[in-house]
Amino acid sequence: MQTLFFNFNPIITGQEKPFDAMLVNDGVIVDVGEKAIIAAGVPADTEMIDLGGRVIIPGLTDCHIHLINYAASRELTVNLKDTHSLQALIIKTRQFIEQKNISPGSWVEGWGWNHDLFPEVRMPDRQDL
């Protein structure tokens with residue numbers, strides 16, 4: 001389905017002049033420019049949305065990743081994203097060490113934990129870890 005957004009605070013694209021209309025087809029921006037020109041070329045069933053001078057910000061996607069770091073973070077570090085207590089963090093870290101057969105004294109890194117979710121009002125210390 002196509003949607004024509006218009007009458008918004010102009011977006012500057014680096015082109016000669018800002019545009020005031022944006023045509024979107026199934027969630028993908030397919031054209032930008034002047035409303036009169038774009039509207040003249042669209043089918044009659046195109047949804048027309050007047051944004052009344054509001055600001056429009058198209059979705060921005062950062063499509064790059066650091067693949068080696070991403071893979072290492074998943075394989076070599078303990079995922080603590082779903083831990084909601086200090087005790088859960090300790091248990092999950094111990095399980096990770098056992099599963100990966102990490103030798104005593106080796107450095108273990110974790111990611112994703114949020115101490116704000118813990119009922120304990122403190123950060124883990126070296127005795128905990």
Side-chain angles (χ1 to χ4, degrees):
M1 173 171 175
Q2 286 198 122
T3 305
L4 180 63
F5 296 94
F6 64 95
N7 188 20
F8 51 81
N9 198 348
I11 296 173
I12 299 171
T13 62
Q15 297 173 355
E16 187 134 335
K17 64 179 182 173
F19 60 87
D20 65 356
M22 179 172 62
L23 183 63
V24 176
N25 188 10
D26 290 327
V28 176
I29 299 170
V30 293
D31 199 3
V32 295
E34 294 180 36
K35 180 194 179 247
I37 295 171
I38 295 175
V42 297
D45 65 343
T46 299
E47 182 178 12
M48 307 288 243
I49 298 181
D50 183 341
L51 293 173
R54 293 184 191 99
V55 173
I56 187 168
I57 301 174
L60 305 173
T61 303
D62 180 1
C63 62
H64 87 279
I65 62 170
H66 298 266
L67 190 56
I68 291 173
N69 293 343
Y70 177 79
S73 74
R74 297 308 186 257
E75 186 61 28
L76 302 176
T77 62
V78 58
N79 177 351
L80 300 167
K81 187 176 176 187
D82 295 323
T83 56
H84 298 290
S85 71
L86 184 55
Q87 188 61 33
L89 180 142
I90 293 167
I91 291 169
K92 204 163 190 180
T93 303
R94 282 183 181 154
Q95 290 172 341
F96 178 82
I97 290 169
E98 290 172 10
Q99 291 169 354
K100 299 294 182 178
N101 200 25
I102 297 172
S103 59
S106 296
W107 191 260
V108 176
E109 293 183 14
W111 66 274
W113 63 284
N114 182 351
H115 68 281
D116 291 329
L117 301 176
F118 293 2
E120 303 86 359
V121 187
R122 66 180 183 84
M123 297 284 282
D125 61 24
R126 65 184 178 94
Q127 283 79 24
D128 296 322
L129 302 174

Of the non-hydrogen atoms in [X] and [Y], which two are nearest, and what is the gap between them?
{"X": "P43", "Y": "Q2", "result": "CD-NE2, 3.2 Å"}
{"X": "W111", "Y": "T77", "result": "CD1-OG1, 3.0 Å"}
{"X": "T46", "Y": "L4", "result": "CG2-N, 3.9 Å"}
{"X": "D128", "Y": "M123", "result": "OD2-O, 4.3 Å"}
{"X": "L89", "Y": "P124", "result": "CD1-CG, 4.4 Å"}
{"X": "E120", "Y": "Q87", "result": "OE2-N, 4.2 Å"}

Side-chain heavy-atom pair [X], [Y] within 4.5 angstrom cut-off:
{"X": "N114", "Y": "H84", "value": "no"}
{"X": "I102", "Y": "V108", "value": "yes"}
{"X": "F19", "Y": "E34", "value": "no"}
{"X": "F8", "Y": "V55", "value": "no"}
{"X": "L129", "Y": "T93", "value": "no"}

Treat each ILVMFWY residue as a node, draw an edge where side-chain heavy atoms are under 4.5 Å apart, and state whether [X] and [Y] are in one component.
{"X": "I49", "Y": "I29", "value": "yes"}
{"X": "I38", "Y": "F6", "value": "yes"}
{"X": "V24", "Y": "V32", "value": "yes"}
{"X": "F96", "Y": "L76", "value": "no"}
{"X": "L86", "Y": "W113", "value": "yes"}

Thinking salt bridges, do D50 and K35 make one under a 4.0 Å N-O criterion?
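The answer is no: the pair does not qualify as a salt bridge.
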Rounded at 0.5 Å granularity, tell me how far CD1 in I90 sits from CG in L80.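 The distance works out to 11.0 Å.
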query: Do any N or O atoms from the side chain of D31 and from the backbone of L23 form a donor-acceptor pair under 3.5 angstrom?
result: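 Checked: no pair found.
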**Prompt:** Between the side chain of R54 and the main-chain N/O of L51, is any donor-acceptor distance below 3.5 Å?
**Reply:**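 Flag set: sc R54 to bb L51 pair under 3.5 Å.
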